[in-house]
Amino acid sequence: MDQLNVKEQQEFQKLVEQKQMKDFMNLYSNLVSRCFDDCVNDFTSANLTTKESTCISKCSEKFLKHSERVGQRFQEQNALLMQNLQKR
Amino acid sequence: MDQLNVKEQQEFQKLVEQKQMKDFMNLYSNLVSRCFDDCVNDFTSANLTTKESTCISKCSEKFLKHSERVGQRFQEQNALLMQNLQKR
Amino acid sequence: MDQLNVKEQQEFQKLVEQKQMKDFMNLYSNLVSRCFDDCVNDFTSANLTTKESTCISKCSEKFLKHSERVGQRFQEQNALLMQNLQKR
Amino acid sequence: MFGLGGAAPQVSSQQKLQAAEAELDMVTGMFNQLVSQCHNKCINKSYSESDVNKQEALCLDRCVSKYFETNVQVGENMQKLGQSGAFMGRQ
Amino acid sequence: MFGLGGAAPQVSSQQKLQAAEAELDMVTGMFNQLVSQCHNKCINKSYSESDVNKQEALCLDRCVSKYFETNVQVGENMQKLGQSGAFMGRQ
Amino acid sequence: MFGLGGAAPQVSSQQKLQAAEAELDMVTGMFNQLVSQCHNKCINKSYSESDVNKQEALCLDRCVSKYFETNVQVGENMQKLGQSGAFMGRQ
């Protein structure tokens, strides 16, 4: 990214912010898909059963904790990778 | 959406129209993928067998009817959800 | 595509070039995902085993050869399809 | 749609439109997901008929209904978790 | 590509380019799908060799060929169903 | 990020920004893939608890680490194959 000048960096920053809402919505819909897929498999009624509802609740909390942890590791590994590339 | 003024609504409308072709193409390629995956699994010849061809025909018609029904329910549920949110 | 005039064709050409980097990155991340999924399934250590590393190496080379072949056939079939459509 | 969007004082037209577009893309994406997931859960893949039969239709209706309930519940869960400060700065 | 695009009298340059872009994205998307699906159907995942062997290559060629046939057939089916008025307003 | 981008003399601001955007999209896409793949490989889907337990956490850390190693190795493989001229013009 160090090839961008100041003005370009500002433009790029705007782009990043623009994408953040998208990223959040992406996370959200991935979470819904995942927990719906893993927890809801009984279609004998139109409403969630208590069991399904409990499953969804645990699944979504766990998914958020999961993606938070993966996000932290991702940033660490990415920083490490950048360091190694600059050493070359 | 009610936070957009008239001019913004028009802009948004344009955007929606712009996306419609994309949506249609999306539906189309999902359909091809789905029916190809479910119906074509014999690679002893380069052309579709009669059995595969019949399967694709039924699969694609069924997929369209399926997504039409899901679309109707989706709109109903969405309208219901909006109503409930406005009551709050 | 023959409905575009010269100026539009130039615009379109720009668009195509713009997308090429995206396509390459797409190929790259599909490759990483595929080979990671198929080759890495042991999480008793934080580093790739020799076996995993060999698998990734073969998997990635094979994936490139695979997508190259599919690309050639795709172009041939597409050219054939265009010919048939123009004959009508 | 989905009640997202919220109140944001003093944002430009461009920002509002970008938010609206992001929301539109999400709703479209969710619809496509729904079509795909309910197909997996309800449609018989032997394709002996081209119609969605009664049993499949009933399953689809319930599938959509349960998907919306899931969606609402997940939204509520996320808000609760966000308020409890259990997560990042996301939310 | 795929013969979509059709005749649309009096559309602006911008609209034509948007349609062309949507079509380009679809063709790219379909190619990626094809790569993924034919990999699933033809390639041995034990990766004992880095070459696509003869049997796999033959399978791939047929896979692409059948995919195009499927594509054409689905297009024809959709047109027929559209004309019969069996569907929405889509199409 | 990922060390892509490389040296390109005399490119316009617009081109640089487009390249940066493409790279950002790729990193985001890869992160999403990583979240999904490590979930599949490490997280117990019975959801008897809402916490990521110790064993799962350890698995996730290693999963991310191995994913990055895979990423670097694939990049090196592709460069080697590109230089050997074994492939198209791609690369």
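- For the set E:D61, E:V64, E:V52, the entry with the most heavy-atom pairs within less than 4.5 Å of chain C is E:D61.
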inquiry  = Pair E:S48, C:K58 - check side chain to side chain contact (heavy atoms under 4.5 Å, CB included), show working.
reply    = CA-CA 7 Å; E:S48 52; C:K58 285 182 176 165; 5.5 Å; no

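- Side-chain contact between E:V35 and C:F63 is present, with heavy atoms from C-beta onward closer than 4.5 Å.
- Atom SG in E:C42 sits 10.5 Å away from atom CZ in C:R69 (nearest 0.5 Å).
- No side-chain heavy atom of C:K19 sits under 4.5 Å from any side-chain heavy atom of E:T28.
- Distance CG/E:L60 to CD/C:E68: 12.0 Å, rounded to 0.5 Å.
- To the nearest 0.5 Å, atoms NZ (C:K62) and OG (E:S50) are separated by 8.5 Å.
- Using bins of under 30°, 30° to 60° and over 60° for the plane-to-plane angle, the ring pair C:H66/E:H39 lands in the perpendicular bin.
- When heavy atoms are compared at a cutoff of 4.5 Å, E:A57 approaches chain C by way of both its backbone and its side chain.
- For E:E49, the CD atom sits in a packed shell: over 12 heavy atoms of surrounding residues, nucleotides or ligands are nearer than 6.0 Å.
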inquiry  = I'd like to know whether C:N78 forms a side chain to side chain contact (heavy atoms under 4.5 Å, CB included) with E:F68, so could you lay out the CA-CA distance, the side-chain angles of the two residues, the decisive distance to 0.1 Å, and finally the verdict.
reply    = CA-CA 8 Å; C:N78 211 28; E:F68 267 78; 3.9 Å; yes

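- More than 12 heavy-atom neighbours from other residues, nucleotides or ligands sit within 6.0 angstrom of NZ on E:K45.
- Residues C:C39 and E:Y47 approach most closely at SG-CD1, 4.2 Å, considering heavy atoms.
- Rounding to the nearest 0.5 Å places CZ of C:F74 at 6.5 Å from CG of E:L34.
- Between E:L24 and C:V16 the shortest side-chain heavy-atom distance falls below 4.5 Å.
- Contact count against chain E (heavy-atom pairs under 4.5 Å) is highest for C:E11 among C:Q72, C:E11, C:K22.
- Considering NZ of C:K65 and CG of E:D51, their distance stands at 3.5 Å, rounded to 0.5 Å.
- Two residues are said to be in side-chain contact when any heavy atoms from C-beta on lie closer than 4.5 Å; E:S65 and C:R73 fail this criterion.
- Residue C:F12 comes nearest to E:A20 through the heavy atom pair CE1-CB, 3.5 Å, listed as atom of the first residue, atom of the second, then distance.
- Rounding to the nearest 0.5 angstrom, the gap separating the CG atom in E:N32 from the CG atom in C:L27 is 8.0 Å.
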